[in-house]
6 protein chains.
Amino acid sequence: MARPSGRAADQLREVRIEVGVNRYAEGSCLIAFGYTRVLCTATIEDKVPPFLRNSGRGWITAEYSMLPRATQTRTPREVGRGAPSGRTHEIQRLIGRSLRAVTLLDALGERQITVDCDVLEADGGTRCASITGGYVALYQALDRLVRAGELPRLPLREEVAAVSCAIVAGEPVLDPDYSEDSSAEADGNFVFSASGGIVEIQVTAEHLPISAVQFAAMRELAAKGTAELIAKQRDALRKALP
Amino acid sequence: MARPSGRAADQLREVRIEVGVNRYAEGSCLIAFGYTRVLCTATIEDKVPPFLRNSGRGWITAEYSMLPRATQTRTPREVGRGAPSGRTHEIQRLIGRSLRAVTLLDALGERQITVDCDVLEADGGTRCASITGGYVALYQALDRLVRAGELPRLPLREEVAAVSCAIVAGEPVLDPDYSEDSSAEADGNFVFSASGGIVEIQVTAEHLPISAVQFAAMRELAAKGTAELIAKQRDALRKALP
Amino acid sequence: MARPSGRAADQLREVRIEVGVNRYAEGSCLIAFGYTRVLCTATIEDKVPPFLRNSGRGWITAEYSMLPRATQTRTPREVGRGAPSGRTHEIQRLIGRSLRAVTLLDALGERQITVDCDVLEADGGTRCASITGGYVALYQALDRLVRAGELPRLPLREEVAAVSCAIVAGEPVLDPDYSEDSSAEADGNFVFSASGGIVEIQVTAEHLPISAVQFAAMRELAAKGTAELIAKQRDALRKALP
Amino acid sequence: MARPSGRAADQLREVRIEVGVNRYAEGSCLIAFGYTRVLCTATIEDKVPPFLRNSGRGWITAEYSMLPRATQTRTPREVGRGAPSGRTHEIQRLIGRSLRAVTLLDALGERQITVDCDVLEADGGTRCASITGGYVALYQALDRLVRAGELPRLPLREEVAAVSCAIVAGEPVLDPDYSEDSSAEADGNFVFSASGGIVEIQVTAEHLPISAVQFAAMRELAAKGTAELIAKQRDALRKALP
Amino acid sequence: MARPSGRAADQLREVRIEVGVNRYAEGSCLIAFGYTRVLCTATIEDKVPPFLRNSGRGWITAEYSMLPRATQTRTPREVGRGAPSGRTHEIQRLIGRSLRAVTLLDALGERQITVDCDVLEADGGTRCASITGGYVALYQALDRLVRAGELPRLPLREEVAAVSCAIVAGEPVLDPDYSEDSSAEADGNFVFSASGGIVEIQVTAEHLPISAVQFAAMRELAAKGTAELIAKQRDALRKALP
Amino acid sequence: MARPSGRAADQLREVRIEVGVNRYAEGSCLIAFGYTRVLCTATIEDKVPPFLRNSGRGWITAEYSMLPRATQTRTPREVGRGAPSGRTHEIQRLIGRSLRAVTLLDALGERQITVDCDVLEADGGTRCASITGGYVALYQALDRLVRAGELPRLPLREEVAAVSCAIVAGEPVLDPDYSEDSSAEADGNFVFSASGGIVEIQVTAEHLPISAVQFAAMRELAAKGTAELIAKQRDALRKALP
């Protein structure tokens with residue numbers, strides 16, 4: 001079966017990562033998965049949530065939002081709602097958990113790093129692009145702490161990246177764009193670490209339960225995709241940081 | 001390794017399902033997973049969300065809430081927030097998706113069924129108890145439509161049930177209670193259908209990525225647990241319905 | 001005139017009080033006035049509202065809510081409103097005032113007791129059932145403080161209970177159910193103490209002013225009804241507490 | 001016992017009613033109970049709440065608010081809360097019910113009259129002044145409909161007025177000002193019609209239950225007070241309307 | 001061109017300022033620009049916003065609101081919105097800035113003065129009436145601090161007043177009423193100090209850009225109008241204060 | 001006096017306008033005034049606000065927001081507030097009025113164009129950059145309607161642009177950056193059309209009234225600045241549009 005984009009079933013969209021795109025933020029990048037573009041910034045603050053005060057441990061949290069015209073038709077801003085939507089909440093909690101899973105929070109000290117992921121254009125896979133780009137912004141911010149002598153070494157275990165997979169017309173595909181996603185029978189987000197550890201798996205059958213075989217195929221595609229994304233992260237950071 | 005409750009690693013808590021506990025609701029049950037108790041009701045309304053109007057298709061949605069003293073210390077009500085919390089949103093979206101995955105929405109006709117899951121006491125696993133009990137309330141409501149001649153047959157494909165698993169002190173365990181859950185290294189919710197289909201898998205590593213072997217063990221426990229839960233559902237419905 | 005239920009004009013519905021129904025709460029009961037069922041829990045916290053800090057006095061507050069399917073047709077949850085409705089506010093303020101009127105707040109010390117009243121099913125009279133059941137939950141919580149040696153004696157003056165009366169088709173009736181209530185010409189809530197003291201009287205003519213004679217008849221019925229309810233409270237607490 | 005103001009126990013404060021104080025509103029008055037001053041306006045609109053559409057019946061509703069500096073120290077506006085406070089809700093529902101109880105809603109036709117009661121200065125008794133003044137504004141608005149030939153006659157049964165009573169230092173007093181009110185043991189709001197009918201009685205014991213004798217004394221004072229207020233209403237309307 | 005009111009193009013409406021109309025507020029006045037009437041109160045509190053704590057400096061802030069029937073047809077209250085409207089925000093920020101521009105905040109000490117402007121009736125020009133009346137209420141409050149010995153002298157530089165101008169049918173007019181304002185091509189608010197200093201100029205072309213000549217004419221009218229208003233302020237304060 | 005940037009008093013920052021930066025929006029540009037960068041998109045919808053339905057006229061509205069890390073320290077998102085802040089409201093109303101003043105709303109037909117201005121980085125002057133860039137996005141959207149044959153010609157009278165001026169250390173300067181702005185004595189936003197028409201003037205003295213001479217100097221700088229900005233708009237559009 002041919003994909004609308006002509007990609008192979010196991011092929012990522014073109015991925016670009018531009019590091020250091022915001023002059024105020026301690027870390028930042030603009031990440032693109034094809035037409036999906038997310039601006040990620042990392043902010044370091046010398047405060048932690050109440051449950052960590054005087055614990056010596058740090059915290060990483062994330063916020064996620066879409067510009068109104070990130071979408072094909074304009075999506076109203078959430079500011080009038082009084083609270084982020086359920087979808088926004090789910091996504092920002094996922095980003096936060098994924099980044100914390102590869103960070104040594106004890107070694108970070110009592111600091112909070114807020115990773116903001118603002119979607120400039122959305123063509124599917126925004127949460128995975130946010131995690132993958134959020135890691136790069138986080139790395140840059142932590143690297144700055146190390147260079148400034150505030151931390152002896154990077155408090156990171158390993159890289160983390162995320163990719164989505166879907167079952168479209170019965171076939172598993174890697175990194176679907178919006179047109180594939182909106183007709184998918186099942187949809188999964190996989191967050192894996194560089195060593196292949198499982199940080200998060202979220203698989204949802206949209207209409208019908210899927211089979212164990214289909215699940216296994218999605219997982220395999222995701223392993224391949226996240227490995228490639230981690231190579232892109234390394235490459236972008238190596239070029240950008242002194 | 002001994003579990004605090006003395007259960008085997010692959011043993012569910014005592015499960016009780018009492019059908020028909022609300023005199024107004026079209027379907028209802030009180031489900032207990034050990035000390036976790038959830039009151040589930042199903043309400044049939046002759047209206048559907050805007051995107052389904054004049055489509056001939058029906059819809060199933062869910063709402064989830066905890067009574068303030070469902071928890072060891074009192075949890076403030078969400079009514080003052082203006083919107084349900086992110087956690088509540090995630091859970092009620094999961095319940096709705098899980099029930100829709102086994103329902104023939106076309107055969108339901110333009111009706112909406114709202115499944116309300118109100119947690120009376122929480123000792124871990126409330127979302128899984130809600131899905132498992134929500135299915136029973138939904139079944140009773142649909143059965144009422146069939147008996148009333150409004151539907152020719154039950155618009156259900158098969159049963160659905162959910163159970164959580166965790167990695168506690170390195171070991172996978174089935175259906176953890178709150179004390180196990182709060183010290184777990186990873187935590188997964190598995191929603192499976194009677195035929196073993198995957199409706200939803202959500203696995204989260206709390207601190208460190210987990211290995212593929214650990215994930216496989218959790219999934220196997222979940223398959224055993226959901227099969228037992230589905231047997232309980234059948235048993236409760238057979239006894240309660242004429 | 002015959003009542004729909006066949007009850008005499010001065011007859012309560014069947015009243016049941018089950019004490020200790022929640023394993024976490026310091027006090028709890030499930031109270032039924034016929035088909036009206038309310039779950040009451042009492043939570044003790046070592047904090048008081050700002051206006052009582054460092055006063056040595058305690059406080060009792062109440063919250064009230066209905067499950068969505070407590071009613072014949074589903075009532076949307078208030079969580080989306082940003083604040084409890086006016087009706088909810090009126091009721092929870094009434095419950096709190098009624099319980100404070102029989103409590104020695106000085107003797108309670110700087111503690112706050114929150115009485116949560118969650119209506120599982122509503123067939124009229126939910127606020128009166130909440131006050132009557134709330135007293136039982138409060139008693140159990142205070143009794144626990146005494147047994148734990150934290151208070152020398154129960155800081156309670158006497159029992160308090162509440163019942164509603166209505167004028168239906170021109171006749172005063174005790175403890176109307178929903179069908180009587182919804183067609184009543186006037187409606188009153190009477191909160192009386194064991195010694196016959198008046199804690200609160202709220203009488204409202206729905207359409208036309210009522211006469212002094214009608215008011216007197218309602219009040220007399222209420223006195224009889226609350227006396228019977230207080231006997232039920234005593235009975236339930238005597239059986240439940242050691 | 002001498003009252004702080006030197007008034008007799010059964011003496012109202014000086015009451016002034018100025019009719020027609022707003023050039024836009026269909027009815028209006030400025031009512032003073034001593035230092036308590038409330039601006040009441042009545043607005044006629046050709047629409048009714050959804051539950052009355054196509055019923056041929058009308059509706060009367062009320063809103064109540066206090067200017068920030070109506071009180072001795074400044075009270076923050078409620079606009080930041082997202083909803084009126086519980087107290088505001090209780091009061092505006094009471095005003096609306098009281099005015100509806102003396103209005104022939106069928107004869108009003110499908111119109112809604114909104115009575116706005118804005119407290120310019122508060123020295124106790126604002127809700128009773130609002131009901132008493134609200135009636136005057138309502139009368140003027142209805143009279144305008146009659147003069148315009150839109151109604152054949154005034155759709156009013158009789159006058160309605162309200163007064164508060166309190167038990168202060170054990171003694172019942174009529175129309176307490178703020179200094180008496182804030183130290184009262186019990187507090188009652190009585191809404192009576194011109195013929196002595198009971199529209200609403202709300203009596204609350206603040207700390208201790210009160211006795212039947214005390215309640216009877218409050219009620220008697222209220223009957224005297226509302227009769228005097230109704231004479232003031234008649235007088236003000238006779239002078240103001242042609 | 002004749003104005004609807006028969007006024008000359010450079011003629012203010014009748015302006016009345018009644019000082020000391022609220023018995024609780026530290027300063028107050030009722031100001032009328034023709035039919036526009038605004039009740040202004042000034043409240044002194046011994047606290048400042050967080051950014052001024054321990055700075056020794058004071059602050060002046062303003063709030064603005066309209067009663068529902070200040071307008072020809074009833075305007076719903078803003079309390080249901082959760083926040084003041086954009087228009088309300090703009091106006092209250094303008095009032096606050098204007099009053100701060102003539103106050104010596106250092107000499108005021110760590111006090112906050114809140115000027116509340118509540119519009120009783122609106123016939124155009126409410127924000128300008130609020131600034132002009134707000135200054136009078138502020139003066140009275142500051143004068144009270146001086147008389148009480150809490151300040152050595154009035155911390156005011158000079159008077160401030162505001163007036164609006166409009167281009168109506170191509171002609172500049174001073175102090176338009178609502179009927180002129182609603183058909184104006186451009187609309188300006190001018191806040192000037194007694195010495196002719198510019199505190200704020202806000203000129204808006206409603207449909208088409210205006211010319212430099214028209215702008216100059218509006219500004220000249222405003223200079224004349226504010227000088228007359230300042231004379232009225234002086235007169236009212238001289239008569240009212242000992 | 002030397003400016004921190006070394007610019008002359010009447011010199012704009014470097015201005016760049018990149019047209020067509022969003023693939024979904026009907027019109028878009030990224031505009032930079034030095035380090036200030038704003039992403040502007042224009043969305044065409046076939047609906048108008050209620051007050052324009054069936055009028056045949058169109059409408060232009062604007063929304064404004066800042067990304068959290070547009071600022072030197074992170075600014076919390078407004079989504080938790082339930083409504084945009086007062087500052088946001090002021091700015092988005094200003095942008096909308098400015099664009100409407102140069103648009104022929106009758107000729108636009110019953111369409112609404114929403115101009116979203118999202119600030120990526122803020123170094124002063126964001127509202128002026130939003131107006132100037134918003135015009136470019138609007139132009140592109142309207143041009144698309146003309147090319148599609150939906151409009152016979154561009155419904156625009158002339159260009160509009162905006163620039164701010166300030167009095168810094170007594171001297172008027174054009175287009176201040178954040179460091180100048182935050183220490184300015186007065187601050188003005190000038191919205192002028194290509195022919196020199198005045199669309200909006202907002203001048204605010206921060207601490208002290210300013211003189212007529214200072215005001216005149218600011219206005220002159222603004223005239224020069226907006227003329228240069230309009231040349232930039234023309235240039236960018238000419239290059240970008242076929």
Side-chain angles (χ1 to χ4, degrees), chain D residues 20-30 32 34-47 61-85 88-89 92 112-123 137 141 177-178, chain E residues 20-30 32 34-47 61-85 88-89 92 112-123 137 141 177-178:
Chain D
V21 298
N22 178 300
R23 68 192 292 255
Y24 298 129
E26 286 72 39
S28 66
C29 79
L30 179 63
Y35 290 120
T36 289
R37 290 190 299 140
V38 184
L39 185 57
C40 305
T41 58
T43 296
I44 304 171
E45 289 169 304
D46 280 333
K47 61 168 194 191
T61 187
E63 295 193 5
Y64 169 96
S65 184
M66 296 213 297
L67 295 197
R69 207 51 202 278
T71 45
Q72 292 194 18
T73 57
R74 187 175 183 277
T75 307
R77 294 173 193 267
E78 294 194 343
V79 68
R81 303 171 45 101
S85 70
T88 294
H89 263 301
Q92 58 197 18
Q112 174 166 295
I113 301 184
T114 302
V115 175
D116 284 291
C117 300
D118 286 272
V119 180
L120 303 187
E121 281 184 48
D123 187 32
D177 59 23
Y178 178 75
Chain E
V21 298
N22 178 298
R23 68 193 292 254
Y24 299 129
E26 285 72 40
S28 64
C29 79
L30 180 64
Y35 290 120
T36 289
R37 289 189 300 139
V38 184
L39 185 57
C40 305
T41 58
T43 298
I44 305 170
E45 289 168 304
D46 280 332
K47 61 167 193 193
T61 187
E63 297 193 5
Y64 169 95
S65 184
M66 296 213 297
L67 294 197
R69 206 52 202 277
T71 44
Q72 292 194 18
T73 56
R74 188 177 183 276
T75 307
R77 295 172 192 269
E78 295 194 343
V79 68
R81 303 172 46 100
S85 70
T88 294
H89 263 300
Q92 58 196 18
Q112 174 167 293
I113 301 186
T114 303
V115 175
D116 285 290
C117 300
D118 286 90
V119 180
L120 303 187
E121 281 183 47
D123 188 32
D177 59 22
Y178 179 75

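The model shown is predicted, which means the values in this text are computed figures rather than measured ones. Residue numbers start from 1 in every chain, and the chains themselves are labelled A, B, ... in the order their sequence lines are given, proteins ahead of strands.
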Peer 1: With a 3.5 Å cut-off and sequence neighbours excluded, list the donor-acceptor pairs that the side chains of residues 39-46 of chain E form with protein atoms.
Peer 2:
| unit_1 | atom_1 | unit_2 | atom_2 | d |
| --- | --- | --- | --- | --- |
| T43(E) | OG1 | R69(D) | NH1 | 2.9 |

Peer 1: For R77(E) and C117(D), which heavy atoms make the closest approach, and how far apart are they?
Peer 2: NH2-N, 4.3 Å
Peer 1: Is the OH atom of Y24(D) crowded by more than 12 outside heavy atoms at less than 6.0 Å?
Peer 2: yes
Peer 1: For S28(D), is it the side chain, the backbone, both, or neither that has a heavy atom closer than 4.5 Å to a heavy atom of chain E?
Peer 2: neither
Peer 1: Count the heavy atoms belonging to other residues, nucleotides or ligands that lie under 6.0 Å from OH of Y178(E), then report whether that count exceeds 12.
Peer 2: no
Peer 1: With the side chain counted from C-beta on, respond yes when D116(E) and R74(D) share a heavy-atom pair under 4.5 Å apart, and no when they do not.
Peer 2: yes
Peer 1: Go through the structure and list residues passing side-chain contact (heavy atoms from CB on, under 4.5 Å) with T36(D), not counting sequence neighbours.
Peer 2: R13(D), F33(D), V38(D), D123(D), T126(D), A129(D)
Peer 1: For T114(E), is it the side chain, the backbone, both or neither that has a heavy atom under 4.5 Å from a heavy atom of chain D?
Peer 2: side chain
Peer 1: Examine whether an atom of D118(E) lies under 4.5 Å from a heavy atom of chain D, and if so say whether it belongs to the side chain, the backbone or both; otherwise answer neither.
Peer 2: side chain
Peer 1: Is L120(E) close to N22(D) at the side-chain level, that is, under 4.5 Å between some pair of heavy atoms?
Peer 2: no
